[in-house]
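Worksheet: the structure to be examined is printed underneath.
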Amino acid sequence: MRVLIVEDEPEMASALIKAFEKEGMLAESVSSLTMAKAALQDDLHSLILLDRQLPDGDGASLVPFIRKINADLPIIFLTGRSSITERIEGLDLGADDYLNKPFAFEELMARIRAIGRRPATVNIPKVTIANLTFDFSHRNVQVDGIPLILPRRQLLVLEALCTRVRRTVMREWLIERVYGFDEDIQSNSLDSHISRLRRSLEISQARVTIHVIRGVGYLLKESYESV
Ligand code: CA
């Protein structure tokens, strides 16, 4: 079960991520419609929690975009808007449920269960690139079938790159995935995690390479074989 939280309030987003982790569910957050669209491209999520008041627009405007990618993906609006008209509007737009802030996490979990998408029923894919496999449901990595244990940040970087194999991952998106809202990020911090990750991959003999797309971001692909 992988939850995408679209929420621009840092405390709310990180509290939800922690609460989901306690339930054994992976969750990640993005803070804008633009970031959400980028994160949704790969259809790796099994639930969307969607705030309505986002810095670049109404979360409800994301529903048609989500429905185009996956007609069955459960969407729960989380919002401070509480009028009956707005609730009805949200449900009419295609959300599965509507929860007003503040709410108890237990209530959210109950509603997730009610939607009928129990974590165990959702099958989340693995990605294989050359001899490296990333298992998104357990968040683990194997090289030639042997588990590769990575420090947390390196794991998050690799995970983000693995969701977009052979495609460019924008730097800002990567930073948001890897650091969330929790910390002040040094501008060179991501680069140092990337270089450590490169080293880890090299040591484990993974035949993948992280390319820098100057001014844009990074890209993960198979290494060229030296024959
Ligand atoms: Ca908001």
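When a ligand or atom number is given, it counts from 1 through the structure's own listing order.
Checked against side-chain hydrogen bond (donor to acceptor under 3.5 Å, both in side chains), Arg198 has no partners two or more places apart in sequence or in another chain.
No donor-acceptor pair under 3.5 Å is formed between the side chain of Glu9 and the backbone N or O of Glu11. Of the possible donor and acceptor atoms, one in the side chain of Asp56 sits under 3.5 Å from a partner among the backbone N and O of Thr34.
Ring orientation note: the planes of Tyr98 and Phe77 are nearly perpendicular, at an angle over 60° on the 30°/60° scale.
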Inset, instruction - Show your working on side-chain contact (heavy atoms from CB on, under 4.5 Å) between Ile194 and Val212 and close with a plain yes or no. - result: CA-CA 10 Å; Ile194 297 241; Val212 180; over 6 Å; no

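Residue Gln41 comes nearest to Phe65 through the heavy atom pair NE2-CZ, 3.6 Å, listed as atom of the first residue, atom of the second, then distance.
Only protein atoms were considered; those of element N, O or S under 3.0 Å from the Ca ion (ligand 1) number 3.
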